[in-house]
Amino acid sequence: LDVLFCKAWCHICNSLLTLAALSSRIPPDFSINVRSTRYAFIMLELRGAPALSPFRRQKLLSNIQAVIPEIESVYAEFMHFIDVAEQLTTPELSVLNKLLTYGPSAQSETNEGVLFLVVPRPGTISPWSSKATDIAKICGLNKLKRIERGIAYYVRSSTKLTLKQRHALSNIFYDRMTQSVFHETAG
């Protein structure tokens, strides 16, 4: 699986400056990216399950095509960002993987197209994050500081999207009062 390190987490974690990659592969079908800085910051990012049912995905595509007819497809999946105090052991990663495997068991797709990463506004902690972090700590993941969730939307179009079209799509995907949207990844 492809793993992304998202600019969103950099903003959420007060825009840390330099990220050095340490890659880890746990059991097959479980991929993570570990990022670290000179400030001993470690962050894991895990792709999650598809965020939309086939019905909701088709409805979203219809709504988007009403605004931008050139859009060919849209795909959305959950992204999990995990802030840890130190690197997790293999058994701890296994527990984390089990905790973050939820929802309908649908096949993940390749992430092709323009990325729209929707996350809670920087500087905030979502209710989902609070509950997920509590559950993880109850399950013995004491190295874990915080878990946050976002949704990565991938939009394919027959033509290159203009800045105005990207803005229009962003407005469809997120609530500007509680969320932020990013269009690129860092790392």
Side-chain angles (χ1 to χ4, degrees), residues 2-16 19 33 35 43-83 96 99-106 108-136 144-157 159-187:
D2 257 0
V3 182
L4 301 170
F5 178 69
C6 301
K7 203 179 243 185
W9 189 256
C10 294
H11 288 16
I12 290 169
C13 295
N14 299 320
S15 302
L16 294 172
L19 300 174
N33 232 5
R35 303 292 175 166
M43 194 278 299
L44 303 157
E45 182 193 86
L46 289 82
R47 286 179 64 188
L52 301 173
S53 68
F55 173 78
R56 288 187 63 209
R57 184 176 172 183
Q58 186 57 46
K59 184 175 179 182
L60 178 61
L61 180 60
S62 297
N63 290 342
I64 291 171
Q65 287 174 330
V67 178
I68 306 168
E70 298 85 13
I71 300 300
E72 296 173 341
S73 70
V74 63
Y75 171 69
E77 68 184 14
F78 291 114
M79 297 296 294
H80 302 100
F81 306 95
I82 301 96
D83 184 9
L96 182 61
L99 286 174
L100 296 178
T101 303
Y102 56 88
S105 58
S108 292
E109 295 183 18
T110 57
N111 20 349
E112 296 175 356
V114 178
L115 171 67
F116 292 81
L117 180 63
V118 178
V119 295
R121 287 180 68 158
T124 65
I125 298 174
S126 71
W128 186 95
S129 173
S130 298
K131 187 53 107 177
T133 303
D134 289 346
I135 291 169
L144 203 130
K145 294 180 188 175
R146 178 176 168 200
I147 301 175
E148 189 57 83
R149 178 175 75 171
I151 299 177
Y153 292 92
Y154 297 95
V155 177
R156 278 193 301 145
S157 175
T159 61
K160 185 174 179 175
L161 295 174
T162 66
L163 196 55
K164 186 177 178 180
Q165 288 172 324
R166 284 178 180 239
H167 183 70
L169 286 169
S170 294
N171 288 335
I172 292 171
F173 294 140
Y174 85 115
D175 173 3
R176 66 186 181 126
M177 296 300 289
T178 60
Q179 298 173 317
S180 294
V181 66
F182 297 91
H183 301 283
E184 57 185 280
T185 60

Legend entry - Leu169 and Val74, any side-chain heavy atoms less than 4.5 Å apart: no
Legend entry - Student check: side-chain heavy atoms of Ile125 and Ser130 closer than 4.5 Å: yes
Legend entry - Ser126 OG to Arg121 CZ distance, which is reported to the nearest 0.5 Å: 14.0 Å
Legend entry - Spacing of OG1 belonging to Thr101 relative to NE2 belonging to His80, to within rounding of 0.5 Å: 8.5 Å
Inset, instruction - Heavy atoms only: give me the nearest Tyr154-Gly113 pair and the separation to one decimal. - result: CD2-O, 4.4 Å
Inset, instruction - Would you kindly say whether Ser73 and Arg156 are connected by a side-chain donor-acceptor distance under 3.5 Å? - result: yes
Inset, instruction - Return the set of residues passing ring pair (Phe, Tyr, Trp, His ring centres under 6.0 Å) with Tyr75 (not counting sequence neighbours), or none when no residue passes. - result: none
Legend entry - Side-chain heavy atoms of Tyr174 within contact of Ile151, under 4.5 Å: no
Inset, instruction - Working to the nearest 0.5 Å, report the span between CD of Gln165 and CD1 of Ile64. - result: 11.5 Å
Legend entry - Distance (rounded to the nearest 0.5 Å) between Ile82 CD1 and Glu148 CD: 10.5 Å
Inset, instruction - Sequence neighbours left out, what passes ring pair (Phe, Tyr, Trp, His ring centres under 6.0 Å) with Phe78? Give chain and number order. - result: Tyr102
Inset, instruction - Starting at CG of Leu115, measure out to OH of Tyr153 and round the result to the nearest 0.5 Å. - result: 11.5 Å
Legend entry - For Phe81, the option from Leu46, Ile147, Val119, Leu44 that meets side chain to side chain contact (heavy atoms under 4.5 Å, CB included): Val119
Legend entry - Donor-acceptor pair, side chain of Gln65 and main chain of Ile71, under 3.5 angstrom: yes
Legend entry - Test item: Leu144 and Leu96 side chains (from C-beta on) under 4.5 Å apart, heavy atoms: yes
Legend entry - Distance (rounded to the nearest 0.5 Å) between Arg176 CZ and Ser170 OG: 12.5 Å
